[in-house]
Structures are given as structure tokens and as C-alpha cells.
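Contents: one structure, followed by commentary.
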Protein chains: 2
Amino acid sequence: MTEALQSRQPALSVPSNTMLTVDSDRRRRPTLDTVAAAVGVSRATVSNAYNRPDQLSASLRERILETAQSLGYTGPDPVARSLATRSSAAVGFMLPEGLSGAFSDPALSIVLDGLASTVDGHDHSLVLMPGDATGGPRPSIVTRAQADVMVAYSLPDSAPALEAVAARGLPLVVIDQPVLPGSARVEVQDYTGTCLAADHLLRLGHTRFGVLSFALHPDGASGPASPDRRSDVPFRVSRDRLGGYLDTLEKAGVKPDNVPVWEARGSDRELGRLGARWLLTRTPRPSALLCTSDQLAFGALQAARDLGLTVPGDLSVVGFDDVPEAAYSDPPLTTVRQPLADKGRRAGELALKLLAGGRPPKPTRLAVSLVERASTASMK
Amino acid sequence: MTEALQSRQPALSVPSNTMLTVDSDRRRRPTLDTVAAAVGVSRATVSNAYNRPDQLSASLRERILETAQSLGYTGPDPVARSLATRSSAAVGFMLPEGLSGAFSDPALSIVLDGLASTVDGHDHSLVLMPGDATGGPRPSIVTRAQADVMVAYSLPDSAPALEAVAARGLPLVVIDQPVLPGSARVEVQDYTGTCLAADHLLRLGHTRFGVLSFALHPDGASGPASPDRRSDVPFRVSRDRLGGYLDTLEKAGVKPDNVPVWEARGSDRELGRLGARWLLTRTPRPSALLCTSDQLAFGALQAARDLGLTVPGDLSVVGFDDVPEAAYSDPPLTTVRQPLADKGRRAGELALKLLAGGRPPKPTRLAVSLVERASTASMK
DNA sequence: TTGTATGCGTTATCAA
DNA sequence: TTGATAACGCATACAA
């Protein structure tokens, strides 16, 4: 093996007991034809030896496989097979950002894991398509990807990648967003989740709140979110999570206008820290911070430390996602758990189903639950 | 767009001013032939319109593209193109585990990010191949993957996937391990790194040490590592990191036999916590824990808390990797920084280079450095 | 059980 | 600048 690894050409130890009528001198990879000629059968039979073992005698098959082996033939070329079968046995995965920002988010990792294992279990491969500034992969990448079904992970409505998918006529599964009528989708109870969290805080007696949200609009702006910016939010997830928080508070008598909202352009810890710093320097200072993701919440914990506030003594913080780290942060984070791995698995199953010709079922909405840890406590 | 998304078949709005001599009634995707016939030129010309714009008049090209558009033709089929060009423009990425375990490791995420952006920048796609219990992807997956170069990420020597790569005669880039003579490789100064860390601790006056390592042998065993198990370590990375620690201590007069070593079967926080608990209950209790990864170190911090020990007051801890979280842990972790993103980028560049026909250069070894944070202090 | 013929959708070579 | 024609490597009805 070591030797074969050294050069691109595998060491073809041509057996002397077989006739090589083709390619005997050329420095080429062996093909179905090569072994067919060597064994003295037709291409079709060799093909069957690999794909339909029951279509030929065990002994012949044995002989074919042996010859193939000694010829250095590894089996049907994947690309040629794909062309002939018109199926590449791969699912594409489109991300909103470069993996850079995205992969620092454990939530994505877990979803991807669920997806990968499902897909892998069905002998399909996974083609990764990172996004760029446009909020998704470049259309050219999508157009040329060798995949026969696409999974979109939390893409903005405007992502050009989606049109590329449509143009190719590929089946599509979207995770979380955008909402595309008639396409398969798996999402979670975003609205319900933040309602639960807000309710939890209200029950603990809090009355002064601040909300820390990731992007409400696709313009990449960060800052306090004006009432204007809070309405007509194009991202469904942001809209639902923010809505759950504000609606619940309002029902309890807390006017949305009195709840400062910071919109971070992304969902990472550092942006969360920045936003929380602003929120915590408002007057009156919020006693509870409602975050739309765990990453933002971690940033909020950091900001509290920066300002000398203790959590949950001076401040309560809730997140959303329940990534593994939430159990280990200081203090452990109260958060809304969404079934991340499950989301990935469901997306994978949906993709496989569409591939098999199934029609897109109505969207799957997975249940969330509140996990109470040490970052929240009752008002002093 | 929305409509096109609803059904698998794009809405072919057949223009009345073009002649459709082919496929006019069949429910098929249009091909090069379809548009060639419609425009009244040859296949080759249409192909050129997409791939070699300079090979035909701008006006004709314009006309071809327009017709294609109105026919619902999105451009050359990726698979067919790959067959004809004998290149799939994709690089395969092989992981040691299912993404499950692997993705919880931020180090992998960052490396993958570097790789993905490099590859993506060159219009190549990335095919993910998660591993299973064998320590790598299944050979059948590798054999059938549509990629023309493979990147192995920290695989055990024994991974069957590697033979599959060799059998296909695909160029290979390995990250970290295994060491395959003649294959391209990018790695970091593992030995140097742990030497630095051990030295740091010695300088702080520590004399009682414990080592927390990830797998030394591929048998999946966890537990105290006997002298026997510490020698002939098959994993290069484990060997070098452990070696750097023990050698440095020995040079300072600390006999390896007096340094307890716990071997965890993987590199995650919970396993680290487990191992650290054992190490911290030895007599005499170590005043410093040397870990081979940040994840294990985080587990050690947790174990210290569990036992009521303060870090760095009662115990110093060092990690390896410098993942982002290391800066935020409690306390922030002293660790050996390796250039993770760079490792991924270099691997990507190497892969692209091999693809272009380059010969494997000698292994690249990236520099590491010690980042001193608050998890280490001098002996009281 | 095995073979024949044809199709899969491109790219590339070489003439015209 | 454009067009025949031949690969590319395989799968699959259908016939033998």
C-alpha cells in the first residue's frame, strides 16, 4: 500500500496468466472493458458482477473480481456510473456563511452531524457548500455541484443559491428558513420556545428586560433595534424568537417600547458581549436578558462579568439552542433546548425521501423545551 | 422562482419563435443538444458558449444563452462534464469519526473551515466522508466518492479508507497523521509544543505532574497508561505530544515512572473530567496537569471544581490547540496554540497542487506557541 | 446465465 | 468562427 501511495499510478502488477488485449501498453486506468477483455466476457457481465451479484454464477463472479483485483481495477468509476444512472448519490448542504462564522456555532455542527450520519447510512455522500457575503453559496457553485438534492440551512430569503437550485429543478429541503411554499422544511418551535423562556422570567418576578437578538434584517447592521426595525422582520427565525419574547412580555403588561432590543449582525459570543454591554448600561438596567441564541447568551455572561455584575444575583440570562457548552458555562445557562441532532436527521430523511420521488410533506416542526439551569433566579 | 420550487420539473416556457426538433413532447431536462437544435448550431458551439466564450462571436453566444434560458437549460450537466474532463473538481475530506464526536471538537471545525474556503475559492467542492468505528470512512464510501483528491484528517494508520484511496490511485494529503512515506502532509510542531508547556510549568516551580492524554492505542481503551502502553505509541500525534511532556520533565529530573498518565479513549471534555479525577486522587496529588488537548483540559478544570480545588491556586492546567473557548473558560486556559485555520488552508492548497499534477512536497510543519493565560501559576 | 446494443450529456480534436 | 466525430466509462432493456 505504501508504494501505491507514492505515485498517482497504482502499481499494476500485470498477471502473466491473463491476456491483455486492450491497453496493454497504455498507461491508463483499467476500465470495465479492460477486465471484460481479460476475463473474456462482456462489459455487461463485469458490470453485473459488481452491481447484481445474483445475475451471474458465483464462480464467474469470483473469477471476474479476482482478475479485476490483479489488474488494479477498483470497481466502476463513480462519475461514469452517475452519468449512466442519472444519480450522483449525494446530497448538497448549503450554508449561509463561510464555515468560518458558521462552524464556530456548535448548533450547526450538531445539525450537520445528524444530517451526515443519516445520509452516510444510506450510502450517499455529503457535498458542503459554504456561503459568502450574499448569505449563501455562490450560484455557480450550486449549479455545478454534483448532488441530486439540496439542503438549505437557515438561508436568507434573498439567497441567490435558492434560485440556482430551482433552476436546476433539484428537490430542496430547507432547515429553519426561508419559508418556501411547497418545499420540504424542518424547523423548531421558535415562537413557543421564547414564550417559555419569557414566561419563566416573568414568573421569577422580573420586570425590567432587555433582548439580545441576532440579525433581524439582512443588511449586516448592528445596534439598538428601533420599533421600525422590529416589525417586518424578513428572517422567520428571528421574527419568531423576538416575537415570542415581546408578545409574552406584553401580555404580562410589559410594553415592548420599554424593552430595549439590541440587534447583533451575527450570532457569536463577541457580538453578544458588545450588545449586552449596551443593554446593561440602559436606565433602568434590565434585570433579565433574553437572548436568541446560546452564543449571544455566553457573550452576555461575559459582559456581566465585565461590568462586575453577578449572574444570577444581579442579572438573569436565558439563551436558545442548548448547545453542549451551555451545561458548562459559568454559570450554567438556562436555555431553550431544541433537538439539534434530530433536526439534521429529519432533514436527511426528507432529502432521501424526495430523492426517492416522494412529494414534499408539510413542514415538520420539532418541539422545544426549557432547561432551567443556574443563570436565572428570582428577583431580589 | 417560487413556482419552480414547487415541482421538480422547472416550468419550461417554450418560446414560440424557436423550433424544438427534439424532446418537444418528452418530459425531459433539456441538454446541450436541445439548445443546439433550437438555435440551429452544433453541440460543440453551445458547449463553447459556456466554456470558451472567446471561441465564438458575442452575438451568437448571446443568442445561445438566451435560448438556453428560455428553454430552462441551466448549463452543462456537472456529472457529464466530469466524465468528459475526467475531473470532478471536488476534494474529499475523510474524518476519523462520525461527525458526532468530531464536530464537538472546535479544532476540527476550524481546520475544515480553512480547507473549505481554500477549496471553494478555486471552484472546487468539498465532499465530507465521516468515519465510523474503523477509525475512518468505510472503504466503499471512499471508492465511490466523486472526488479527485483526498484529504485525510488525523486518521489511524490502520484506517482501511487509506487503502481505498491508494487503490483508486488518488492523490492524498494527510493532516497530522498517519505518516505515509511519499504522501503530502501538513502537521504542527506537536513535540515542540508540549516541550514548551512542560517547560513553562517547570519554570513555575512545579514538581508533581500528571498527564491527561487522548488515545495512545487504537483499541478504544481508557485508563491509567502503563509504561508498556506509553512506548510504541502508533499515533504520531499522541506519541509526540506525550513524548514532549515526559522528555522535558525527565530532563528536569522528573522520572517518567513517577508521572501518572491517564489515557482517554477520545478527546472530549467528559472523558477529560473522568481522567483528571483519577489523576487528582493520586498520592501525592499533582500540582500540574498536562493535557494533550484543550477539550481534555476543560474537563480537567471541571474535575478540579468537582473536587473543590481552585485553579490555578491548587492546581495548574495546560491544554493544547488554543480553540476559541480557551480564552473564555474559567479560568482562561494556558495552552499551546497551533494555527488551526492555517492547517486547513495549507491542506487545501496542497490538494489543489497535487490535482494540478504537482508532486508531493516534503511535509509542512507549522509552528506552535505557548499562550499563557490564567490556568497556570507558580507553586505556592 | 450471458451478451448486444444503445443511451447518458459532455468535452476535445481536428477539419472546414 | 463553427461543425463532425470520437471519446469518456458505465448501466440497462432486451435478446440469445
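A note on names: the letters A, B, ... follow the listed sequences, proteins ahead of strands, and every chain is numbered from 1.
Scanning DNA chain C for stems, defined as runs of 3 or more consecutive Watson-Crick or G-U wobble pairs whose donor-acceptor distances all fall under 3.5 Å, gives the following ranges: C:1-16 with D:1-16.
Residues B/L95 and B/P137 are not in side-chain contact: their nearest non-hydrogen atoms beyond the backbone lie 4.5 Å or more apart.
Between the CD1 atom of B/I64 and the C1' atom of D/dG3 there is a distance of 12 Å, rounded to whole Å. In this structure, the CD atom of B/Q55 is 10 Å from the C1' atom of D/dT2, given to the nearest Å. The interatomic distance linking A/D148 (CG) with C/dG9 (P) rounds to 14 Å, in whole Å. Regarding A/R63, its CZ atom lies at a distance of 15 Å from the P atom of C/dT1, rounded to whole Å. Rounded to whole Å, the distance from CD on B/Q146 to C1' on D/dG9 is 13 Å. Rounded to whole angstrom, the span from the CG atom of B/D33 across to the C1' atom of C/dT10 amounts to 10 Å. We find that CG of A/L56 is positioned 14 Å from P of D/dA11, with the value rounded to whole Å. To the nearest angstrom, P of D/dG9 lies 13 Å from CZ of B/R168.
Across every non-hydrogen atom of B/M150 and B/V142, the tightest pair is CE-O, 4.0 Å. Here the shortest heavy-atom pairing between A/V46 and A/L32 reads CG1-CD2, 3.1 Å. The minimum heavy-atom distance between A/A159 and A/G135, with the atom names listed, is CB-O, 3.8 Å.
Base engagement by B/L83 is indicated by at least one non-hydrogen atom pair under 4.0 Å involving a base atom. Residue B/V41 is in sugar-phosphate contact alone, with no base atom involved, counting any heavy-atom pair closer than 4.0 Å across all strands shown.
Taking 4.0 angstrom as the limit, B/S42 places a side-chain polar atom (N or O) nearer than this to OP1 or OP2 of D/dG3.
Relative ring orientation between A/Y50 and A/Y73 is described as perpendicular, the plane-to-plane angle rising above 60° on a 0-90° scale split at 30° and 60°.
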Exercise for the section: Walk me through it: do B/D123 and A/I141 pass the test side-chain contact (heavy atoms from CB on, under 4.5 Å)? Expected result: CA-CA 7 Å; B/D123 277 315; A/I141 287 283; 3.9 Å; yes

For nucleotides 11-15 of chain C, give me every protein contact, N/O to N/O, under 3.5 Å, one pair per line with atom names.
from: C/dT11; atom 1: OP1; to: B/N51; atom 2: ND2; distance (Å): 2.6
from: C/dT11; atom 1: OP1; to: B/R81; atom 2: NE; distance (Å): 3.4
from: C/dT11; atom 1: OP1; to: B/R81; atom 2: NH2; distance (Å): 3.3
from: C/dT11; atom 1: OP2; to: B/S47; atom 2: OG; distance (Å): 2.5
from: C/dT11; atom 1: OP2; to: B/N51; atom 2: ND2; distance (Å): 3.3
from: C/dA12; atom 1: OP2; to: B/R52; atom 2: NH2; distance (Å): 3.0

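A donor-acceptor contact shorter than 3.5 Å links the side chain of B/T67 to the backbone of B/R63.
Salt bridge annotation for B/R138-A/D120: present, with a cationic side-chain nitrogen under 4.0 angstrom from a carboxylate oxygen.
Checked against side-chain contact (heavy atoms from CB on, under 4.5 Å), B/P160 has the following partners two or more places apart in sequence or in another chain: B/T134, B/P139.
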